[in-house]
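Just below is one structure, and these are the notes that go with it.
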Amino acid sequence: MSDLSPKPAAGVSRRTVARATAAAGLAVLFGAASGTARAGAATRLGPRTLDVSVPSAALGRSAPVRLILPSDFGTRPERTYPVLYLLHGAHDDYTSWTRETDIEAFTEGRGLIVAMPDAGPTGIPTVWRGGPDYETFQVKEVPALLARDYRASGVQAVAGVSTGGYGAMAHAARHPGAFKAAASYSGILDTTAPGVPAIMDAIVARENLPAQSLWGHPLLNILTWRDFNPRTRATGLRGTALYVSQGSGVGPGSGGDPLPGVLESALWPSAQGFARALPLLGIQATTHFYSGGGHDWPYWKREFTASWPMLAHALGVPE
């Protein structure tokens, strides 16, 4: 994410860092002591980045979360931190944001925790019909872990790409007040709009999961589909700072591949309908609907940059 310009961390001497690191016992965070019995195994990937395996009753198994800790986490043991949740898209995983962007460098010195929880192979973080409950995992279980073991303050914002954009708006709408801000980049924001149930079914089918294992049949189980639809539940977004971006997808996507553009154009009406519904409910949102573009990271990185001032203000951290 080369267009995200990180701000420098406050200067701290090596000696101070060494003393504070020893005192804080950072090894505990990475699997060496008692804290990991509750959090599960943790793997350190860098000075601030680690993967934590979270035992989840909602999923019936342990699932990973990638964390980026604040730059001063080891030197300020009395401090608590806001959390930015970044959700991945379909057919991807919790490593996508660190793989595709420079989010670790971007957040250095800004005083927040970044949490990137798993959402399964489809990236649809919801309550599956008779299956895993990724909504509870992301909205309840991971925040509880962060509050208990990583000094999260309870101030939260959420953002996501594609199906993660769906998750960001669905979580905020279905859990009013849980998030100060929510941002969607090419998200699926009206799941019952014409053509969208077929897209959702295709995402499920691509992972060889049973048909209708998401929310059931789009017509026979329409009440369930509506219950998990961000547009239907939009009244729950009142008071939450919102950012919605979507491209028209006209023309080829990035790299000359037409498929990202085709998918982006297929989701354009869903995002437009969602955005039009908000002011009718007295809900304000920042929107960016742009010509062209594709369902791909070059556009999502740009949109994250554009939404950052809103997210930073909601989290109370520097822009």
Side-chain angles (χ1 to χ4, degrees), residues 1-12 17 26 29 43-52 64-76 79-89 92-119 123 138 142 146 150-153 155-162 164-165 167-168 179-187 241-245 254 286 288 290 293 296-319:
M1 195 182 292
S2 59
D3 54 345
L4 304 184
S5 301
K7 295 188 177 182
V12 180
V17 171
L26 288 182
L29 299 179
T43 302
R44 183 173 185 174
L45 305 174
R48 298 169 46 229
T49 305
L50 60 151
D51 286 348
V52 179
V65 178
R66 177 158 291 182
L67 300 180
I68 300 174
L69 298 179
S71 307
D72 64 355
F73 189 85
T75 62
R76 298 284 301 277
R79 185 175 177 181
T80 60
Y81 300 92
V83 181
L84 173 62
Y85 291 87
L86 296 178
L87 308 185
H88 66 82
D92 210 330
D93 60 31
Y94 68 101
T95 69
S96 65
W97 278 88
T98 51
R99 185 181 68 245
E100 301 289 347
T101 78
D102 67 349
I103 191 65
E104 183 175 17
F106 177 71
T107 56
E108 181 156 7
R110 284 190 159 107
L112 77 158
I113 298 169
V114 180
M116 295 154 280
D118 184 52
Q138 293 190 352
V142 174
L146 296 182
Y150 295 95
R151 307 202 305 273
S153 67
V155 175
Q156 304 179 132
V158 60
V161 301
S162 186
F179 300 95
K180 299 292 186 182
S184 167
Y185 319 116
S186 303
L242 303 175
Y243 185 92
V244 177
S245 67
S254 59
T286 299
H288 183 211
Y290 49 93
D296 209 349
W297 280 101
Y299 304 97
W300 299 336
K301 290 188 287 187
R302 181 190 70 190
E303 294 306 313
F304 175 81
T305 301
S307 69
W308 173 249
M310 179 204 77
L311 294 170
H313 178 75
L315 293 168
V317 301
E319 291 185 21

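Starting from 1, each residue takes its place in the sequence as its number. Only this structure's heavy atoms are used, side chains among them; waters, hydrogens and symmetry mates stay out.
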Pro82 side chain reached by Ser153 side chain, heavy atoms, under 4.5 Å: yes
From CH2 (Trp297) to CG (Asp92), nearest 0.5 Å: 7.0 Å
Separation of His288 NE2 from Tyr299 OH (nearest 0.5 Å): 12.0 Å
Donor-acceptor under 3.5 Å (His88 side chain, Gly123 main chain): no
Step-by-step side-chain contact (heavy atoms from CB on, under 4.5 Å) determination, Leu67 to Leu146: CA-CA 10 Å; Leu67 300 180; Leu146 296 182; 3.7 Å; yes
Closest approach of Phe179 to Ala157 (non-hydrogen atoms, all atoms of both residues): CD2-C, 4.0 Å
Side-chain touch Trp300/Thr101, heavy atoms, less than 4.5 angstrom: no
Distance, nearest 0.5 Å, that separates CE of Met116 from OG1 of Thr98: 5.5 Å
Gap separating the OG1 atom of Thr95 from the CG atom of Asp51, nearest 0.5 angstrom: 8.0 Å
side-chain contact (heavy atoms from CB on, under 4.5 Å) between Tyr290 and Glu303, worked out: CA-CA 11 Å; Tyr290 49 93; Glu303 294 306 313; 3.7 Å; yes
Point-to-point distance, once rounded to the nearest 0.5 Å, from CG of Leu84 to NZ of Lys180: 15.0 Å
Which atom of Ile113 lies closest to which atom of Tyr150, heavy atoms considered: CD1-O, 3.3 Å
Where Leu315 and Gln156 come nearest, the two heavy atoms and their spacing: CD2-C, 3.9 Å
Main-chain N/O of Asp118 paired to Gln138 side chain as donor or acceptor, under 3.5 Å: yes
From CA spacing to verdict: side-chain contact (heavy atoms from CB on, under 4.5 Å), Trp308, Phe304: CA-CA 6 Å; Trp308 173 249; Phe304 175 81; 3.8 Å; yes
Non-hydrogen atoms of Gly111 and Tyr81 that approach each other most closely: O-CD2, 3.7 Å
Rounded distance [0.5 Å steps], CG in Asp93 versus CZ in Arg66: 8.0 Å
Where Thr49 and Glu104 come nearest, the two heavy atoms and their spacing: OG1-OE2, 2.8 Å
Over-ring placement of Arg48 relative to Phe73, 6.0 Å and 45° cut-offs: no
Closest contact, heavy atoms only, Ala181 versus Ala314: CB-CB, 3.5 Å
Pairwise side-chain contact, Val65 with Tyr94, heavy-atom cut-off 4.5 Å (strictly under): no
